[in-house]
**Q** 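Here it is: the structure, laid out below.
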Amino acid sequence: MQNMTEAIEPNRQAPYLAARLECPAISVIVPIHNEQESVAPLCEALFDVLDSIGRPFEVICINDGSTDRSIETLREIAKERNELRVVNFRRNYGQTAAMMAGIDYASGNIIVSIDADLQNDPRDIPALLAKIEEGFDVVSGWRKDRQDAAIRRNFVSRVANGVISKISGVQLHDFGCTLKAYRREVVKDVRLYGEMHRFVPIYASWMGARVCEIPVRHHARKFGKSKYGLERILKVILDLVVVKFLDRYLVKPIYVFGGFGLLSLLISFLLTGFMIWLKFFEGVSMIQTPLPLLTALTFLVGVQSILLGLIAEILVRTYFEARERRAYSVRDTINFPSA
Ligand code: UDP
Ligand code: MG
């Protein structure tokens, strides 16, 4: 079934969700970008595991602008298995947007995310679910024996995970592992941008969710190639700064910008005083020192920061107004009952 929608507005989804007849207990979400060889074996492995669990489920594949035959393969499988649902993006929006769409479209009480490239093992899903049953809200996979290039697997990734743990206060070994399970309530309201899908446990924990991690299997990539290089680490660190900033100061950015601006102005005034003191008591001419330049610079920076803070305050208000907007546009969907 295809519905050609330009963009999915939020209020389209609410009635659709309410109108659902059977409500799957488990929604598995899979971001897919050029994984044509993996799609069929992945679906097979997922159905094997999920069938054996014996609870209603859905598998939501988000085709994130693949240029290979991924979508054709998905269409074929979707004809046979009604549990396979496909969200087909118009273009490549990135893994985070794909995960966000998965969460938006999921109707299960438990949401499980997994990579499409067969590096995660669907056979670990029951263990994740068991932890959720135990009462945890987020269960994160830990690729204890990671099968990626040595430099990424060992050093850089370890440092990055350490930094993220430290800054966020959430102790996990492996934020980057896509294989995770969430209770629906803790993820339904998060909005994800940039590379932030890996920070969902952080948001959730800040909101009071109980987070735990279990070791999961990890396999080397058999088909296709990784979509990322080392530059991802930088993006992740910057995203973390944003997350931390948004958490603390989203509602009051003027405190950050204005605080810095006032500090800069204060320095400017102190320098002016010093300059005058030098001239009248030490007889040092102002232009013999770099002080006039520094005074002007700190003064300007101070004023600019405060003005930036005001702009940020305006932006924040816009943000809250426009918050319901989606960060992606969907071409069509498969196997979703129409609104
Ligand atoms: N992916 C995606 N959109 C992108 C890049 C990646 O949906 O722009 C998917 C990809 O198909 C895979 C998952 O995200 O299912 C993880 O990507 P990848 O395996 O390349 O990352 P790595 O395992 O190297 O960290
Ligand atoms: Mg991978």
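The first residue in the sequence is number 1, and the count goes up from there. Whatever order the structure lists ligands and atoms in, that order sets their numbers, starting from 1. Atom set for the values below is all heavy atoms of this structure, side chains included, hydrogens, waters and symmetry mates excluded.
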**Q** At a 4.0 Å threshold, what atoms of ligand 1 neighbour a non-hydrogen atom of Asn92?
**A**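 It comes down to these atoms of ligand 1: 3 (N), 4 (C), 8 (O).
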**Q** Kindly indicate whether a cation-pi arrangement holds for Arg91 with Tyr93, taking the cut-offs as under 6.0 Å to the six-membered ring centre and within 45° of the axis.
**A** yes
**Q** Looking at side-chain heavy atoms only, is the closest gap between Asp148 and Gln119 below 4.5 Å?
**A**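 In short, these two side chains touch, coming nearer than 4.5 Å.
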**Q** Tell me whether Asp148 has any N or O atom under 3.5 angstrom from an N or O of ligand 1.
**A** no
**Q** Looking only at non-hydrogen atoms, which of Ser226, Ser66, Gly94 approaches atom 22 (P) of ligand 1 most closely?
**A**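 Considering heavy atoms of Ser226, Ser66, Gly94, the nearest to atom 22 (P) of ligand 1 sits in Ser226.
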**Q** Charged N to carboxylate O under 4.0 angstrom, Lys227 versus Asp117?
**A** no
**Q** For ligand 1, which part of Gln95 has a heavy atom less than 4.0 Å away: the side chain, the backbone, both, or neither?
**A** both
**Q** Does the pair Tyr182 and Ser113 meet the rule for a side-chain contact (heavy atoms from CB on, under 4.5 Å), with working shown?
**A** CA-CA 8 Å; Tyr182 312 94; Ser113 56; 3.9 Å; yes
**Q** Who gets closest to atom 25 (O) of ligand 1 by heavy atom: Arg232, Lys227, Gln119?
**A**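 Comparing heavy atoms across Arg232, Lys227, Gln119, the nearest one to atom 25 (O) of ligand 1 lies in Arg232.
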**Q** Side-chain donor-acceptor pair under 3.5 Å between Asn63 and Ser70, yes or no?
**A**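 No, no side-chain donor-acceptor pair sits under 3.5 Å.
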**Q** Taking distance alone, with no angle check, do His33 and ligand 1 share an N/O pair under 3.5 Å?
**A**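 The answer is yes, given that His33 and ligand 1 share an N or O pair closer than 3.5 Å.
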**Q** Whether the Gln36 and Thr73 side chains hold a donor-acceptor pair (N or O, under 3.5 Å, no angle test) is what I'd like checked.
**A** no
**Q** Quick one: which ligand 1 atoms are inside 4.0 Å of a heavy atom on Glu35?
**A** 10 (C), 11 (O), 12 (C), 15 (O)
**Q** Determine yes or no for a side-chain-to-main-chain donor-acceptor pair under 3.5 angstrom, with Trp206 supplying the side chain and Ser168 the backbone.
**A** yes
**Q** Run the numbers for me: atoms of ligand 1, each under 4.0 Å from some heavy atom of Ala116, listed by number.
**A** 15 (O)
**Q** Using distance alone, determine whether Pro31 and ligand 1 share an N or O pair under 3.5 Å.
**A**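 By distance alone, the answer is yes.
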**Q** Any N/O/S atom from Gln119 (main chain or side chain) under 2.8 Å of the Mg ion (ligand 2)?
**A** yes
**Q** Is there at least one pair of N or O atoms, one from Asp64 and one from ligand 1, spaced under 3.5 Å apart?
**A** yes
**Q** Below a 4.0 angstrom heavy-atom separation, can you tell me which part of Ile32, side chain or backbone, both or neither, approaches ligand 1?
**A**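 The part of Ile32 near ligand 1 is the backbone, not the side chain.
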**Q** Do Tyr203 and Val243 make a side-chain contact, defined as non-hydrogen atoms from C-beta onward lying under 4.5 Å apart?
**A**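 Yes. Closest side-chain heavy atoms under 4.5 Å.
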**Q** Tell me whether Asp51 is salt-bridged to Arg81, with the criterion being a basic N under 4.0 Å from an acidic carboxylate O.
**A** yes
**Q** Find all atoms of ligand 1 within a distance of less than 4.0 Å from any non-hydrogen atom belonging to Arg221, and give their numbers and elements.
**A** 18 (P), 19 (O), 20 (O)
**Q** Taking both backbone and side-chain atoms into account, decide whether Asp117 has an N/O/S atom under 2.8 Å from the Mg ion (ligand 2).
**A**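 Checking the Mg ion (ligand 2) against Asp117, an N, O or S atom does fall under 2.8 Å.
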